[in-house]
There are 2 protein chains.
Amino acid sequence: MTIPDTDSLAAKQRLLDAAQGEFADRGFDGATVRTICRKAGVNIAGINYYFGGKEDLYIEAVKQAHACAGRMDTFPVPVAGTPPVEKLRAFIREMVSRMHTPARPAAMKLMMREMADPGKAAHVVVDEFIRPAAFALREILRELLPKLSEERLLMTGFSVIGQCLFYRQNRPITELIFGKEAIDTLDAESVAEHVVQFTLAALGFAEPVGKGRDKAAIRHPKRGRRV
Amino acid sequence: MTIPDTDSLAAKQRLLDAAQGEFADRGFDGATVRTICRKAGVNIAGINYYFGGKEDLYIEAVKQAHACAGRMDTFPVPVAGTPPVEKLRAFIREMVSRMHTPARPAAMKLMMREMADPGKAAHVVVDEFIRPAAFALREILRELLPKLSEERLLMTGFSVIGQCLFYRQNRPITELIFGKEAIDTLDAESVAEHVVQFTLAALGFAEPVGKGRDKAAIRHPKRGRRV
DNA sequence: ATATATTTAAAACATACGTTTGACTTGTTG
DNA sequence: CAACAAGTCAAACGTATGTTTTAAATATAT
């Protein structure tokens with residue numbers, strides 16, 4: 001029995017990286033083992049040798065992707081006593097930021113693809129990435145709006161997430177409608193600011209959109225409830 | 001030259017219907033011409049005979065789908081003089097309704113799939129289905145909030161659409177997270193009501209979520225701006 | 001009624017895919 | 001050195017797919 005040397009480890013890792021890119025760009029069916037192996041500089045047989053088959057390679061690629069993209073439960077945890085409004089603001093900022101300019105675009109792309117129609121690797125993404133974020137948001141909202149029913153709490157969370165996901169899930173379509181240039185001008189900061197204000201206003205913690213003086217209205221609400 | 005008789009029309013139409021279902025369920029690559037032909041009760045050669053190939057069949061299926069799903073620019077046009085708030089309310093209701101319980105589920109599914117990663121039939125869907133709706137919404141919002149910049153106008157529209165699309169685009173994932181039962185209880189009416197109130201509150205035309213008396217707050221805003 | 005065009009049917013074709021095979025190289029161990 | 005396992009490689013295998021071909025059946029028009 002030999003301990004795999006650096007070269008073989010590198011081969012396996014190159015395979016995973018190439019797979020991540022190809023699966024992200026073309027999906028499970030669209031990607032071919034031949035292309036992945038060529039991009040990785042590994043022989044065709046390498047996939048079956050190291051992973052046992054295309055499907056196992058895919059699952060491993062998704063696992064690595066979700067690890068690389070950063071886990072949702074590692075959101076910057078606010079210091080104790082942070083007002084819930086600030087927690088919500090931080091959550092939205094982080095969410096929009098990760099959607100807009102992820103550290104590993106291919107990894108994020110692959111994860112989103114797996115979310116779009118969940119396959120055999122979905123539960124991994126959900127368990128370690130999505131669910132913690134969803135529950136964290138729900139707790140923030142519960143703290144913010146204690147009187148809200150569970151159903152409304154759920155839908156309110158969906159309203160927040162829906163806004164954040166929209167720009168990533170529908171970017172190609174929005175570019176087709178309004179032109180690539182118009183969409184490109186919407187940087188992560190602007191989007192985050194907008195979603196924060198839109199959401200806080202909807203919940204009564206900031207001036208309504210179109211009132212007040214934009215960002216100033218967010219930071220110093222005059223009619224918004226205090227927390 | 002002969003006019004196609006009813007049987008041949010039926011064969012072509014059966015092919016289109018079967019294609020719509022298969023493409024919707026399995027995507028372009030996942031669907032096979034053999035399965036489509038079998039479901040349509042037509043010989044394998046029929047696809048190439050009637051449409052010239054799988055791809056042309058797909059495009060035709062998408063065209064028929066967008067026609068069946070109802071064109072977005074045929075949204076119930078409000079009577080002249082309708083307050084913009086009412087227009088927005090009607091828009092959201094129609095949008096959520098069509099997303100939640102479409103008249104032709106397969107058709108809607110196929111359209112959403114084509115939107116998710118736009119292919120050769122995307123421009124058809126965009127030109128005749130999506131763009132009119134997007135522009136209509138923008139005009140409603142412009143009328144509602146004349147002072148808003150173009151950029152904010154765009155993002156506000158995205159906030160509305162993002163909420164409406166979320167439930168359809170992410171239903172499988174939400175079911176994985178919160179359980180199928182919890183999601184199933186969110187009927188179209190509840191969702192529409194919530195999105196309407198959330199949005200109107202964000203724009204300053206209704207009570208914030210969690211304040212007031214739910215629907216009553218929507219219909220009789222006390223602090224909301226008058227229109 | 002005959003000729004022509006249209007439609008249906010079965011089989012074959014060419015290609016691309018995931019996988020497997022078997023030989024060859026390399027590195028470690030007794 | 002010999003033996004053995006791990007890694008690498010090119011070639012082949014079996015299968016599924018979209019398409020084409022060829023021929024028969026059916027309908028339409030003159």
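From a predicted model like this one, the values you see are computed outputs, not experimental measurements. Chain letters run A, B, ... following the sequence lines, proteins first and then strands; every chain starts at 1.
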Between [N] ([atom2]) and [X] ([atom1]): distance, integer Å:
X	N	atom1	atom2	value
B:Y50	C:dT8	OH	P	3 Å
A:K12	D:dT8	NZ	C1'	16 Å
B:N48	C:dA11	CG	P	18 Å
B:I44	C:dT7	CD1	P	19 Å
A:R26	C:dC17	CZ	C1'	15 Å
B:F51	D:dT20	CZ	C1'	18 Å

Look at [X] together with [Y] and state whether they make a salt bridge at an N to O cut-off of under 4.0 Å.
X	Y	result
B:R89	B:E193	no
B:E143	B:K87	yes
A:E150	A:R142	yes

Side chain of [X] (C-beta onward), nearest among [options]:
X	options	result
B:N43	D:dC9, D:dT20, C:dA9	C:dA9
A:Y49	C:dT19, D:dG7, C:dA9	D:dG7
B:K54	C:dG18, C:dT20, D:dG18	D:dG18

Hey, which of these two, A:A45 or B:G41, hits DNA chain C nearer its 5' end, going by closest nucleotide?
B:G41
Sequence neighbours excluded, the answer for side-chain contact (heavy atoms from CB on, under 4.5 Å) partners of A:R113 is B:D117
Got a sec, which residues hit side-chain contact (heavy atoms from CB on, under 4.5 Å) with A:T185, two or more places apart in sequence or on another chain?
B:E151
Any donor and acceptor pair, going by atom type alone, linking the side chain of A:K54 with main-chain N or O of A:A31 inside 3.5 Å?
yes
Give the C-alpha distance, both sets of side-chain angles, the deciding distance and a yes or no for side chain to side chain contact (heavy atoms under 4.5 Å, CB included) between B:V195 and B:C164.
CA-CA 7 Å; B:V195 175; B:C164 296; 4.3 Å; yes
Among residues 28-40 of chain B, which residues get a heavy atom nearer than 4.0 Å to DNA chain D?
B:A31, B:T32, B:V33, B:R34
Which is true for A:G53 with a 4.0 Å heavy-atom rule: it touches a base, it touches only sugar-phosphate, or it touches nothing?
sugar-phosphate
How is B:I47 classified with respect to the nucleic acid when contacts are heavy atoms under 4.0 Å: base, sugar-phosphate, or nothing?
nothing
